[in-house]
Amino acid sequence: MTELGREGRLADNIMHFARALRATGIPVGPGSVLDALKAVETAGISRRDDFYWTLHSVFVHRREQLDLFDQVFHLFWRDPKLLERMLGLSLPSLAADFQDHKDPVARRVAEAMGLGDKENQPQEDELEFDMTMTFSDQESLRQMDFDDMSAEETEAARKAIARMRMSFERIRSRRLTPSSTGDHIDLRRTLREAHRSAHGIIPLHRVRQDHRPPVLVLICDISGSMTGYSRMLIHFAHALTNDRHRVHTFAFGTRLTNITRDLRNRDVDLALSKVAKRVDDWSGGTKISGCLHDFNRDWSRRVLGQGAVVVLVTDGLDRDADGGLAHEMTLLQRSSRRLIWLNPLLRWRGFEPRSWGIRTMLPHVDAFRTCHNLDSLEDLARSLSGEDRSPDEEMKRWLTAA
Amino acid sequence: MSLPSSIDATVALLESADYVADRSLATSVFLALTMGRPLFLEGEAGVGKTETAKVLASALGRDLIRLQCYEGLDAAHAVYEWNYPRQMVEIRLAEASGSVDREQISRDIYSEEFLVRRPILQALEDHESGPPVLLIDELDRTDEPFEAYLLEVLSDFQVTIPEFGTIKAQEPPIVIITSNRTREIHDALKRRCLYAWIDYPNAERELDILRRKMPECSERLSAEIVGFVQSLRDRDLFKMPGIAETLDWAAALASLDAMTLDSQTVDDTLGVLLKYQDDIARIKGTEATVLLEQLRANMATKAAAQ
């Protein structure tokens, strides 16, 4: 790598190219960047098509990635200064190139490279400048409230959510798994191995109890007051559903809908459009107690069976203030392993649990958290992983405030 | 006894063992028997899912093999296990007698007499009375890995034991799987089965069941019990009483020598019928009295109409 290392420019450009690929959704790790450098060094850069196929052989792993790679390659290597200029401001000429493209792949590449469709949002020039940064740097996005995001920022946040990998608190299952330090002796394996050993010593093989992640149930409020957040939370749910086995998602406004199956689709856009078709009370009113009642009656026994963690996403502003809410919350808490309430209202520094609905629900939850930006979602992921036990203190504070 | 030749024959067969099935269940049972497919029964607790398998076994004169599922159920408990303590004793004995032919020992200790047969393996073996009824009870309690294993067994009805060989059923057993729906069973497994949802029985059928199972209850008391339970199921309860609860309640009332229902008796015995404190608190007292009065009025009009 000596030559490239000294030259510097090409290595940098390959690294930036890899980042551009990553932004379009092709998984490219630092390892493949190093591989690419080595490969380019070996193959040389005298011919453009050789260079193309060299990078292609390192970065592309699946058939779906062919088109994306092709477009990113031609766009990126046409002008070596492209990236710098992109980071500076948009390129009108290139953007014009891309406006003609109607096919989604080209759009994704354009978006990934920060060449969004400007004509639709002329008033958002300032924000867009911010956005061109985000494909390489998510920092500014992390603290931003979901409700204040522009369409493109929302898109970037969605991508960030899709990339979140969560470790979950694992609960002990009764299934046994091999372990050198286990408590029980695995006789089946011990005897089988004993046959193979030539000497007279039989080494003992051990097993211990396995751990499994708990079932996760998300109940999402999709009423008018929650619009910005619930859409994002459904993205979060989609990421979770595709990440692990047992996640159930429900959406409620004025009535409860099970959207688990729709979210199983790996493609997030397809999944979301299916959800949109199924749910017909987007952005309407809320009937929390009624919907929780339906959940408790129809679903709690079906999905909360094996120690489920329930995440309830709502602002707690209940329109129909009948007396059943406390009762339904008690039932829900009792039938779940842990009940976590996510309330975007918590983002306000001076938030106090004054509303009737919030005061009623608060005593029945195990954790009370916010969910208004990417950081808070990562907090939630951490809380689900069981690392973070501090919310108990926080719960006490909330309860005294209520 | 041979398999029923029609749906009517299936109804009759089940009735001969005092199981009053509705038409939809009888159809599913008939199809499962003739097509040789597993029958997947779902329904609330206490509607008679397990009973279906038991009755089928006794009516057909087949053996019933029951596999009760629980979390962490694995092949060692569901299919087979080697009898390790005996194997070790055998090895020790072989050593003591001085024979150290490893091949021979290994053949000896992995032979049939050291094999502990668990329900699934038992079900695949030949039975004198014909293929047995294999009841896989409360499948929703297990985890996905077991479901996946079961899928394999149910598709070719054979089990491979590495040290021993493949055991294949000459004739596939009659498989009945039940689930209380505490979680969703994977579609791949359901696809291989015939599905039947067992609902709460209607008044007529429930009365029929009660007459058969509890002949000591007077006709009037039976009618009242069924009327009361049926009206309870219209209420918004957390857990509705199943047919099992109805029978328990009838037995409780019979042992209290009740001739007819009154609010006091209902209040005292409500715990037999409803198993959640919230439900009991809601029904006890006024609500129960109202229900009883409505029931009386209904029965009076019915009697007048006849």
Side-chain angles (χ1 to χ4, degrees), chain A residues 171-177 184-192 194-200 202 204-205 207 209-215 217 244-248 258 260-261 264 290 293-308 324 326-328 330-332 334-335, chain B residues 42 44-45 69-77 80-88 90-92 95 100 102-103 105-107 109-110 114 116 138 140-149 161-163 179-187 235-240 276-279 281-282:
Chain A
I171 55 181
R172 189 177 282 196
S173 96
R174 295 198 41 186
R175 192 168 281 282
L176 298 171
T177 185
H184 312 277
I185 291 167
D186 183 355
L187 281 171
R188 179 182 286 225
R189 209 150 59 94
T190 302
L191 267 186
R192 196 168 340 139
H195 273 281
R196 298 207 190 117
S197 69
H199 44 78
I202 300 180
L204 289 181
H205 289 272
V207 283
Q209 284 193 315
D210 200 1
H211 289 77
R212 63 171 173 87
V215 180
V217 178
R244 35 173 269 163
H245 240 4
R246 304 257 296 271
V247 180
H248 299 275
N258 186 346
T260 311
R261 254 165 204 278
R264 289 235 174 96
H293 177 75
D294 289 350
F295 179 83
N296 281 332
R297 192 193 51 205
D298 300 335
W299 290 101
S300 75
R301 268 180 302 232
R302 292 179 62 177
V303 297
L304 300 183
Q306 299 178 338
H327 176 67
E328 300 304 336
T330 324
L331 272 183
L332 186 61
R334 278 196 207 137
S335 36
Chain B
E42 248 182 3
E44 299 295 336
C69 296
Y70 54 85
E71 200 207 317
L73 179 66
D74 55 12
H77 290 99
Y80 74 94
E81 181 78 304
W82 291 104
N83 190 342
Y84 301 112
R86 275 198 63 195
Q87 282 181 326
M88 278 192 261
E90 188 72 17
I91 295 172
R92 186 73 198 88
E95 277 176 355
V100 280
R102 290 165 57 81
E103 287 298 311
I105 294 178
S106 121
R107 259 199 304 281
I109 66 168
Y110 286 117
F114 294 97
V116 183
E138 304 189 350
D140 48 335
R141 285 182 190 274
T142 59
D143 44 13
E144 284 86 356
F146 182 73
E147 243 178 68
Y149 182 80
I161 303 173
E163 301 89 352
S179 159
N180 283 328
R181 281 213 305 181
T182 62
R183 77 181 171 83
E184 300 296 321
I185 305 299
H186 202 281
D187 293 344
R235 304 283 139 157
D236 191 12
L237 295 175
F238 186 68
K239 170 73 181 84
M240 318 260 200
Y276 282 85
Q277 174 53 26
D278 299 325
D279 289 347
R282 183 176 299 171

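Naming: A, B, ... by sequence-line order, numbering from 1 per chain. Nothing here was measured: the structure is a model prediction, and the numbers come from that model. Values reported hereafter were calculated over all heavy atoms of this structure, with side chains retained and with hydrogens, waters and symmetry mates removed.
For a residue to count as touching a neighbouring chain, one of its non-hydrogen atoms must lie under 4.5 Å from one of that chain's; by this rule A:Leu176 does not touch chain B. Interface remark: B:Asn83 contributes no atoms to any contact with chain A (heavy atom separation under 4.5 Å). With a 4.5 angstrom heavy-atom cutoff, B:Glu81 touches chain A via backbone and side-chain atoms both. Proximity to chain A is limited to the backbone of B:Thr142, based on heavy atoms less than 4.5 angstrom apart. Only the side chain of A:Ser300 comes within less than 4.5 Å of a heavy atom in chain B; its backbone stays farther off.
By the ring pair (Phe, Tyr, Trp, His ring centres under 6.0 Å) test, B:Tyr70 pairs with no residue at all, sequence neighbours left out. With sequence neighbours excluded, the residues forming a salt bridge (Lys or Arg N to Asp or Glu O under 4.0 Å) with A:Asp186 are A:Arg189, listed by chain and number.
Using a 3.5 Å distance cut-off with no hydrogens or angles, the side chains of B:Asp74 and B:His77 do pair a donor with an acceptor.
The existence of a salt bridge linking B:Asp143 and A:Arg175 is confirmed by a sub-4.0 Å separation between a basic side-chain nitrogen and an acidic carboxylate oxygen.
Here the closest heavy-atom approach between residue B:Asp140 and residue B:Arg181 is recorded as OD2-N, 3.2 Å.
Chosen from B:Ile91, B:Asp236, B:Ile109, the residue pairing most often with chain A at heavy-atom distances under 4.5 Å is B:Asp236.
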